[in-house]
Amino acid sequence: MKIRSLYEDIIPSSVVQNLWLINNHPLQIIELVGLITAVDTKEKYSKYKLEDTTGAIQCVQWVPRSFGQNVICRYNVGDMVRVRGKITEFRNNREIKIVSISAMDDMNQLSLHLALTNKTMNFLKKPFSIPDTVTQCEKLERKICESVTENIFYKRSLR
């Protein structure tokens, strides 16, 4: 995904906390590729400023409690990385809570990422709606449950 999309296309769900939407498609984990332009390491986290050609965003990697207070910052300014994470807001600013981060050592990885991003964005441009067949299945399921429940009560009344 392009960083610009995080600001222009994605909105928070008004119904489900920590869920984001793009044309009604639910998003929880996203993938970004970019260049690290700033690093801030503290006791409990490492924060990277990630930039691509469309914008910049803060990405935070929290240190697991089991690590104690040994923060190891593996990435430096100038590193090209792939970040997978959850969109969050902190002090009214969007940021990514890192689930995984890895170096982009091979330009083939970047080419693949860009191709997949274009495919994904083309898919996400189409508004999401629940297909009629799903709705029909839910109605049928409710009827079956009601029928089974009625049958159980009927059998109990015969005893």
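On a predicted model such as this, the values are computed, not experimentally measured, just so you know. Sequential numbering from 1 along the given sequence is applied to the chain's residues.
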Looking only at heavy atoms, which two atoms of L19 and P26 are closest? And how far apart? CD1-CB, 3.9 Å
Take a 6.0 Å sphere around NZ of K86 and say whether it holds more than 12 heavy atoms from other residues, nucleotides or ligands. no
How would you list all residue pairs meeting salt bridge (charged side-chain N to carboxylate O under 4.0 Å, His left out) that involve residues 11-27, not counting sequence neighbours? none
How close do S13 and L21 get, heavy atom to heavy atom, and via which atoms? CA-CD1, 4.0 Å
Can you tell me how far CG of N18 sits from CG of L27, rounded to the nearest 0.5 angstrom? 13.0 Å
Residues passing the side-chain contact (heavy atoms from CB on, under 4.5 Å) test with D106, sequence neighbours excluded, are N108, Q109
Mind running side chain to side chain contact (heavy atoms under 4.5 Å, CB included) on Y48 and I101 for me, showing each step along the way? CA-CA 11 Å; Y48 305 100; I101 183 171; 4.1 Å; yes
OG/S102 to OH/Y75 distance, rounded to the nearest 0.5 angstrom? 6.0 Å
Name all residues meeting the side chain to side chain donor-acceptor pair (under 3.5 Å) criterion together with D9; count only those two or more places apart in sequence or in a different chain, and write none if there are none. S5
For the hydrophobic clusters of this structure (ILVMFWY residues joined by side-chain heavy atoms under 4.5 Å, transitively), does one cluster hold both F90 and V60? no
Who else is in the cluster with I29 when I, L, V, M, F, W and Y are joined by side-chain contacts under 4.5 Å? V99
Of all pairs that satisfy ring pair (Phe, Tyr, Trp, His ring centres under 6.0 Å), the ones with a partner from residues 14-34, not counting sequence neighbours: H25-F123, H25-F128
Looking at CG of L50 and CD1 of I57, how far apart are the two atoms once the value is rounded to the nearest 0.5 Å? 8.5 Å
With distance as the sole test, does D52 use its side chain to make a donor-acceptor pair with the main-chain N or O of T54 at under 3.5 Å? yes
Criterion side chain to side chain contact (heavy atoms under 4.5 Å, CB included) on I87 and I96, from CA distance to verdict: CA-CA 5 Å; I87 305 167; I96 304 299; 4.1 Å; yes
Distance-only donor-acceptor hits, side chain of residues 31-39, under 3.5 Å, sequence neighbours excluded:
from: E31; atom 1: OE1; to: R84; atom 2: NE; distance (Å): 2.7
from: E31; atom 1: OE1; to: R84; atom 2: NH2; distance (Å): 2.8
from: E31; atom 1: OE2; to: H113; atom 2: ND1; distance (Å): 3.0
from: T37; atom 1: OG1; to: K49; atom 2: O; distance (Å): 3.4
from: T37; atom 1: OG1; to: E51; atom 2: OE2; distance (Å): 3.1

